[in-house]
Amino acid sequence: RVVTPGTITDTSILDEKKNNFLTCLYKDLEGIGIALVDVTTGELYATQFSHEDYKAKLMNELARYCPSEAIANKEMIDDRQTCKLLKDRFNCYVEYFYDWSFDLDTASKKIADQFKILNLNSIGLKDNHHAVRSVGALLEYLEQTQKINLSHITTVNYYSTNNFMDIDISTRRNLELTETMREKAKKGSLLWVLDRTQTAMGGRLLRKWIEQPLMNCTHINKRLQAVNELFTNNLLRQELMDSLKNIYDIERLLSKVIYGSVNCRDLIALKKSISYLPEIKSNLEKCDTSLLKEMYNQLDILADIYQLIDVAIMDDPPFSVRE
């Protein structure tokens with residue numbers, strides 16, 4: 001494996017409540033394609049926009065994610081000013097990646113193979129050629145550097161930049177949404193005030209919600225109704241919090257499984273986390289709002305995985321298999 005700033009999986013190095021994004025940028029005379037992945041959680045996002053005023057749009061879009069590494073085609077790399085901005089604003093390592101990997105047919109085949117689909121319509125990439133090129137090249141880069149099966153990346157979330165409120169990079173900085181202007185620290189920011197999450201996964205989700213405010217009224221109201229139900233029902237909220245306190249970072253534990261770097265203690269942590277899922281599901285059953293009902297219906301309590309680990313590994317295993 002080649003370890004790069006955007007593909008670090010060691011949880012002791014990473015901020016548990018912050019994603020570590022690797023981005024792939026494709027630029028030509030017609031527009032820009034952006035793909036972003038967090039290899040520790042399996043999240044993959046893609047979007048595209050026209051060439052007009054692309055520098056400001058690109059900076060504003062990447063400010064939502066603050067990637068630690070960017071790969072790009074030659075035309076993007078030749079734009080020295082934008083690459084310098086990426087390095088200065090986000091402390092982002094920028095490097096060239098093979099132009100052949102951005103070829104439309106090559107990229108389309110790579111995506112179809114990854115997600116085991118016949119065409120790109122089902123994942124929202126039909127006719128979004130710039131996004132297709134960036135996603136395909138990103139998957140190729142991960143395959144070449146990580147030398148693993150990328151099965152934990154199960155879908156690509158294509159979104160329009162109109163889905164979220166457009167906040168330019170200066171406004172984002174002045175509002176101190178996730179970090180303060182002077183110290184660049186979380187303490188003192190809006191996120192610091194609001195973050196009472198019980199899990200690392202919840203912390204990352206809250207950060208995402210703050211960095212990407214919704215524009216769709218239906219989705220906004222859905223979220224507000226769910227928050228209101230938990231805010232007004234003290235007993236239900238406390239029961240959910242008590243259960244969530246015991247949940248480890250399942251997303252990053254699973255990426256360790258995929259990478260083959262998981263140890264017995266990690267798997268016991270996964271088992272302990274799974275053991276609280278029936279309790280959480282039982283509490284969600286009492287909820288009335290549509291978003292919480294959806295969560296209840298979608299939540300798999302993973303009894304088979306719990307049983308598999310329980311039978312195979314003792315409750316207090318040594319750190320390594322050799323012991």
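All of these numbers come straight from a predicted model, not from anything done at the bench.
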Does either side chain, that of Gln146 or that of Arg1, offer a donor lying less than 3.5 Å from an acceptor on the other one? yes

For Thr289, enumerate each residue passing the side-chain contact (heavy atoms from CB on, under 4.5 Å) test, keeping only those at least two apart in sequence or located in another chain. Gln225, Ala226, Glu229, Leu292

Hey, is Arg172 close enough to Asp168 for a salt bridge, meaning N to O under 4.0 Å? no

Kindly state whether the ring of Phe90 and the ring of Tyr65 have centres lying under 6.0 angstrom apart. no

Please indicate whether Asn91 has more than 12 foreign heavy atoms, meaning atoms of other residues, nucleotides or ligands, lying under 6.0 Å from its CG. no

Hey, does the side chain of Asn163 reach the backbone of Tyr159 with a donor-acceptor pair shorter than 3.5 angstrom? no

Under 4.5 Å between side-chain heavy atoms, chaining through other members, with only Ile, Leu, Val, Met, Phe, Trp and Tyr counted: pull out the rest of the cluster around Met241, sorted by chain and number. none

Donor-acceptor pair, distance only, cut-off 3.5 Å: does the side chain of Gln48 make one with the backbone of Ile34? no

Could you work out the complete set of other residues in the hydrophobic cluster of Leu14, with links drawn between I, L, V, M, F, W and Y side chains under 4.5 Å apart? Val3, Ile8, Ile13

Any luck finding a side-chain donor-acceptor pair between Arg252 and Thr40 under 3.5 Å? yes

For the residue pair Leu104 and Val132, establish whether any side-chain heavy-atom pair is separated by less than 4.5 Å. yes

With a 3.5 Å cut-off and sequence neighbours excluded, list the donor-acceptor pairs that the side chains of residues 115-125 form with protein atoms.
residue: Asn119; atom: OD1; partner: Asn121; partner atom: N; Å: 3.1

side-chain contact (heavy atoms from CB on, under 4.5 Å) partners for Pro317, two or more places apart: Cys264, Arg265, Ile268, Ile313, Met314

Not counting sequence neighbours, list each pair that qualifies as a salt bridge (Lys or Arg N to Asp or Glu O under 4.0 Å) and has a residue in residues 2-11. none

Determine the minimum heavy-atom distance between Val135 and Ala46, stating which atoms define it. CG2-CB, 3.5 Å

Would you check if there is a donor-acceptor pair between the side chains of Asn19 and Glu43 at a distance under 3.5 Å? yes

For Asp315, is there an ion pair with Lys271 - N to carboxylate O distance below 4.0 angstrom? yes

With no hydrogens and no angle check, just 3.5 Å: does a side-chain donor-acceptor pair link Asp28 and His51? no

Residues clustered with Met165, ILVMFWY side-chain links under 4.5 angstrom: Ile167, Leu175, Leu177, Leu190, Leu191, Leu194, Leu206, Ile210, Met215

Give the minimum heavy-atom separation between Pro67 and Cys92, together with the two atoms involved. O-CB, 3.5 Å

Identify whether Leu267 and Ile247 are in the same connected component of the hydrophobic contact network (ILVMFWY, side-chain heavy atoms under 4.5 Å). yes

What do you reckon, is CG of Asp300 surrounded by more than 12 foreign heavy atoms closer than 6.0 Å? yes

Look only at the side chain of Asn20 and the backbone of Pro5, and say whether a donor-acceptor pair between them is shorter than 3.5 Å. yes

Below 4.0 angstrom, N of the basic side chain to O of the carboxylate: do Lys256 and Asp266 qualify? yes

Show me the pairs that pass side chain to side chain donor-acceptor pair (under 3.5 Å) and involve residues 175-194, at least two apart or across chains. Lys186-Asp195

Considering only heavy atoms from C-beta outward, does the side chain of Phe97 approach that of Gln144 to under 4.5 Å? yes

Given the rule that I, L, V, M, F, W and Y join up when any side-chain heavy atoms are under 4.5 Å apart, are Leu150 and Val156 in one cluster? yes

Let me check something: do Leu62 and Ile77 share a hydrophobic cluster, defined by ILVMFWY side-chain heavy atoms less than 4.5 Å apart, either directly or through other members? yes

Lys57 with Asp53: basic N within carboxylate O range, under 4.0 Å: no

Counting distance only, does the side-chain N/O of Asn233 pair as donor-acceptor with the main-chain N or O of Leu236 below 3.5 Å? yes

Where the side chain of Glu95 meets the backbone of Ala72, is there a donor-acceptor pair that is under 3.5 Å apart? no

Can we say Glu143 and Lys110 salt-bridge, meaning some charged N sits less than 4.0 Å from an Asp/Glu carboxylate O? yes

If you compare all heavy atoms of Ala63 against all heavy atoms of Cys66, which two are closest, and at what distance to 0.1 Å? O-SG, 3.7 Å

Determine the minimum heavy-atom distance between Ser134 and Cys24, stating which atoms define it. O-SG, 3.3 Å

Thr11 and Glu16, any side-chain heavy atoms less than 4.5 Å apart: no

Whether His152 side chain and Val39 backbone form a donor-acceptor pair below 3.5 Å: yes

Counting distance only, does the side-chain N/O of Ser243 pair as donor-acceptor with the main-chain N or O of Ile280 below 3.5 Å? no

Nearest-0.5 Å distance, CG of residue Leu235 to CG of residue Asn283: 8.5 Å

Aromatic Tyr93 / basic Lys87 pairing, under 6.0 angstrom, 45° off normal: no

Pair Asp88-Lys84, salt bridge (charged side-chain N to carboxylate O under 4.0 Å, His left out): steps then yes or no: CA-CA 6 Å; Asp88 294 345; Lys84 186 177 185 302; 2.8 Å; yes

What's the separation between atom CD1 in Ile305 and atom CG in Leu270, rounded to the nearest 0.5 Å? 7.5 Å

What is the minimum heavy-atom distance between Ser101 and Ala107, and which atoms define it? O-CB, 4.1 Å

Below 4.0 angstrom, N of the basic side chain to O of the carboxylate: do Lys222 and Glu294 qualify? yes

Do the side chains of Ile309 and Val257 join up, straight or via other hydrophobic residues, at under 4.5 Å, putting them in one cluster? yes

Find out if a path of hydrophobic residues (ILVMFWY) with successive side-chain heavy-atom gaps under 4.5 Å connects Phe21 to Ile71. no

For Tyr54 and Glu61, test the side chains for any donor-to-acceptor distance below 3.5 angstrom and give the result as yes or no. no

Grouping ILVMFWY residues whenever side-chain heavy atoms fall under 4.5 Å, the cluster of Leu205 otherwise contains Trp209

For the SG atom of Cys83 and the CG atom of Asp78, what is their distance to the nearest 0.5 Å? 8.5 Å

In the structure I gave you, are the side-chain heavy atoms of Glu30 and His130 within less than 4.5 Å of one another anywhere? yes

side-chain contact (heavy atoms from CB on, under 4.5 Å) against Val193, all qualifying residues, sequence neighbours excluded: none

When rounded to the nearest 0.5 angstrom, what distance separates CG in Leu85 from CG in Leu58? 9.0 Å

Check Tyr26, Tyr96, Tyr141 against Phe102 for a ring-ring contact (aromatic ring centres under 6.0 Å, His included) and give me the one that passes. Tyr26

Qualifying salt bridge (Lys or Arg N to Asp or Glu O under 4.0 Å) pairs with a residue from residues 236-249, counting only residues at least two apart or across chains: Arg204-Asp249, Glu239-Lys286, Asp242-Lys245

Rounding to 0.5 Å, atoms CZ (Arg133) and CG (Leu138) come to a distance of 15.5 Å

Report the residues that fulfil side-chain contact (heavy atoms from CB on, under 4.5 Å) with Lys55, sequence neighbours left out, ordered by chain and then residue number. Asp79, Gln81, Thr82

Heavy-atom check, side chain of Ile148 versus side chain of Leu142, under 4.5 Å: no

Closest non-hydrogen atoms of Thr199 and Gly202, given as atom of the first, atom of the second and distance, are OG1-N, 2.9 Å

Could you give the distance from CG (Asn174) to CD1 (Ile169), rounded to the nearest 0.5 Å? 11.0 Å

